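Below: the structure, in structure tokens.
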Amino acid sequence: MRHPKSGGRGRRGRGPRIPAAVLRKQQAVAPSVDQVTGAKIPKSFVFSRGKIPSTLRHLQQDLRKVMLPYTALNLKEKKRNNLKDFLNVSGPLGVTHFMILSNPKSLPHLRMAKTPQGPTYTFQIEAYALAADIANSQKRPRCPPGIFKNSPLVVLSGFTGHGEPFKSLIQYFQYMVPAIDPNTVKLATCQRVLLLKYDKEKGVIDFRHYSIKLQPVGVSRRIRKLMQNNQVPDLRDLKDVSDYVTKAGYGSESEVDDEAATVSLVSDVDKLNRASRKSAVRLQEIGPRMTMRLVKVESGLCSGDVLYPEPVKGKQTDEETGEEADESAESADGSEDELEDGSEDEMEDEE
Amino acid sequence: MGRKPAAAAAAAAAADNESFAATMPADLLAAADCGGVHGHSLFFDALVQLIPPRFYLQADDEDRPWYQGLSKAAKAAMKAQSRANLKAARRARLDPSAPPSSTLDLLKKSVADQAAEEEEDEKKSEGESEKSGDEASSGDEEDDEIEEDGEDEDEEGMQVVPSAAVSEDRSVTYEELRERLHRRIAELRGNRCTRPEFLNKPKKEKGKKPKGKNAKNGKDEGKKRKRADGAEDDDGKGGKKSKQAEEKPDIMYANVFVDPKDARRKKKRRIKNKKKALEQAKRMQEAKKDPEKASKIAWDTARRRAAGEKVHDDPKLIKESLKKDQKRQQKASAQWKDRQKTVDKQRQEKQKTRTENIRERAHQKKMRKIEKREKKLMRPGFEGRKDGYVNEYYSTQAKPYIREYKIKEIVDPDIKGPCCSEAMWRVLEIGMLFKQFDELSIRIVQQT
């Protein structure tokens with residue numbers, strides 16, 4: 001007698017059997033509302049407009065990895081897609097942020113915008129380094145498998161006290177990642193940090209992306225390695241296991257931590273880092289590194305009034321409104337390269 | 001306990017003991033000879049001594065715990081407790097040094113314990129007046145027992161000997177409960193929305209009272225909010241560099257979830273009253289004409305949009321959405337009318353068929369009855385009920401057939417066999433004779 005397969009047991013009369021991999025993928029859709037906090041989870045699209053060189057394409061992919069998991073990693077854009085197409089798609093999908101890379105006049109620009117009507121911040125990327133370059137420059141590049149499963153923590157520095165536009169920039173960056181509740185967050189899910197630092201003298205923003213590593217303080221290197229590797233150590237030359245455990249090893253230079261970098265944990269993070277023990281926080285850089293300068297802020301999505309740099313106040317209001325109208329008319333169509341050039345020229349003239 | 005054969009040895013051993021001397025019932029009876037209340041009490045004590053404590057002292061309610069309705073943890077706890085009770089009781093019973101207690105002694109001991117516990121409970125209940133959990137139930141338990149035993153003279157609720165252990169356990173849970181209470185209060189306090197601008201605007205009917213309250217609390221809440229902001233900025237890892245200046249820290253962290261109500265209010269998606277929103281948007285547009293305010297407004301809306309709020313400042317969009325609402329409403333009402341019509345129509349049709357069926361049925365019933373009645377008379381050779389005289393039939397309908405000698409047509413088809421035509425003719429002639437006779441008689445009468 002034939003017994004039915006266990007896979008079909010649950011799907012009585014519901015059609016053909018779906019393979020397990022597809023089922024898993026179907027169920028792993030990113031939620032739109034955070035279960036814990038109840039707030040909406042901000043999702044993003046990272047894409048480019050116009051023709052960009054291959055290094056910028058790599059930067060685009062790196063930026064997508066930074067924004068994981070709430071972004072479209074394999075977003076495919078076609079030349080004929082406008083900004084409007086992306087807008088139309090973003091509504092039903094719940095996408096709230098756009099990051100648009102472009103290369104007008106061979107100067108890489110990054111536009112950060114909030115859908116659907118949100119402000120647009122245009123940055124000129126003065127210098128950048130790809131994630132691959134950074135990994136090549138490190139002796140031990142570290143990329144544990146699960147770090148892109150959770151959003152990064154965002155840390156801003158140096159933005160306060162400069163008024164607009166930085167006040168709104170602060171809000172923008174803060175709401176780019178989903179909210180976390182420090183009382184209930186699982187420490188094991190905080191694995192990446194996105195650091196944005198504003199340098200007042202130079203007027204540039206540094207963009208850095210680190211991975212967080214916790215090391216227990218006061219545990220010797222050997223014991224730590226033993227716990228991490230779970231392998232039996234080589235005790236051939238030793239008489240007693242206490243020799244192994246108590247042997248004074250060299251301290252690595254990075255182990256000389258100042259007090260500021262150690263924290264006492266609230267809860268268990270993993271086997272080594274236990275609750276109410278001290279752990280040192282080590283950051284290792286992954287991901288792209290950028291130096292950007294804010295050049296323009298518009299009140300609409302690549303359209304609308306230009307809020308920064310402040311429009312020059314003419315003698316007559318007509319002139320002023322005329323100027324503003326010109327600028328807004330020009331900046332209204334955001335998907336062409338020429339107009340970027342035009343506006344950039346204007347900005348440079350004003351500066 | 002109170003075993004008679006062992007009582008002698010017990011008495012001897014207990015002679016050294018201080019207060020709870022296990023006196024034999026006989027001794028007590030003897031002593032009861034002295035008159036007065038004391039004598040009476042000794043007499044009753046003697047009687048009490050005779051009864052084993054298992055039957056006399058109320059211990060059933062606790063010793064037989066009710067397992068069915070409790071949770072798993074509670075059941076396990078009760079079981080552990082009963083086991084501990086049993087152990088302690090066994091040890092006490094078999095303890096050679098301790099006085100072997102008789103019923104009386106146990107009674108007295110229980111009274112003393114009860115008094116001590118009540119004192120403790122009073123102290124605890126003052127501290128735990130908010131919590132009505134264990135303590136009320138335990139209080140109730142004790143009260144019940146007191147009431148049950150109240151009828152017996154000078155006896156109160158009995159507690160099993162290891163009541164001290166039980167109360168200690170209970171004291172631990174009291175502490176825990178208090179902790180839990182404080183934590184819960186802090187949590188609820190944190191959840192409360194403290195920002196006055198996000199509290200619901202008071203309705204006009206309710207008057208100015210809530211406004212006053214808001215204004216008063218505004219300052220305090222503002223301060224509280226700032227402190228909360230400072231606390232918010234702590235990293236998830238618990239306190240890294242938390243000693244920042246509370247106003248405007250230089251290092252800021254990503255959005256940290258604070259207040260569910262507050263967050264919900266800030267990010268309301270749908271405008272409740274679109275007309276109002278339209279007016280507001282129009283006003284905002286007017287205000288934008290003013291150049292100084294324009295940039296401030298623009299930055300403000302940009303900031304709020306960046307923070308995830310939906311700012312409805314374009315009157316055109318609001319108008320569109322109003323129109324969409326209207327269209328939707330119209331469509332819905334049209335659909336509703338349609339639906340009503342079809343429902344009515346269907347109902348009518350159903351009623352029609354129903355009445356048809358009923359009428360049909362009644363008609364059929366009548367026909368069936370008639371048929372049944374006629375069946376008796378529809379014998380072959382007869383044409384049922386007498387409609388009139390056979391003559392008339394002959395004169396009106398059969399005559400043409402008779403003239404042409406077509407008998408077969410007149411014969412009743414029910415007559416199934418071959419019929420004798422001779423016989424038929426005879427019958428016909430007789431019938432016609434009658435008819436002629438009638439006509440004759442009429443002519444005769446007319447002539448005379």
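To find a chain, count down the sequence lines: A is the first, B the second, and so on, and within it residues start at 1. Remember, it's a predicted structure, so these values are computed and weren't measured experimentally.
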Next on the checklist: I want to check something: taking the side chain as every heavy atom from C-beta on, are A/Pro152 and A/Tyr210 in contact at a cut-off of under 4.5 Å?
Outcome noted: no
Next on the checklist: Side chains of A/Tyr175 and A/Thr96: any donor to acceptor distance under 3.5 Å?
Outcome noted: no
Checklist entry - Is the distance between the ring centroids of A/Tyr172 and A/His97 less than 6.0 Å? => result yes
Checklist outcome for this item: For residues 187-207 of chain A, the side chain to side chain donor-acceptor pair (under 3.5 Å) pairs (sequence neighbours left out) are A/Arg192-A/His209
Item to check | chain B contact via A/Leu194 - side chain, backbone, both or neither, heavy atoms under 4.5 Å | outcome: neither
Item to check | Most chain B-contacting option - heavy-atom pairs closer than 4.5 Å, from A/Ser299, A/Pro165, A/Ser279, A/Ser157 | outcome: A/Pro165
Checklist entry - Of the backbone (N, CA, C, O) and the side chain (C-beta and beyond), which part of B/Asp313 lies under 4.5 Å from a heavy atom of chain A, both, or neither? => result side chain
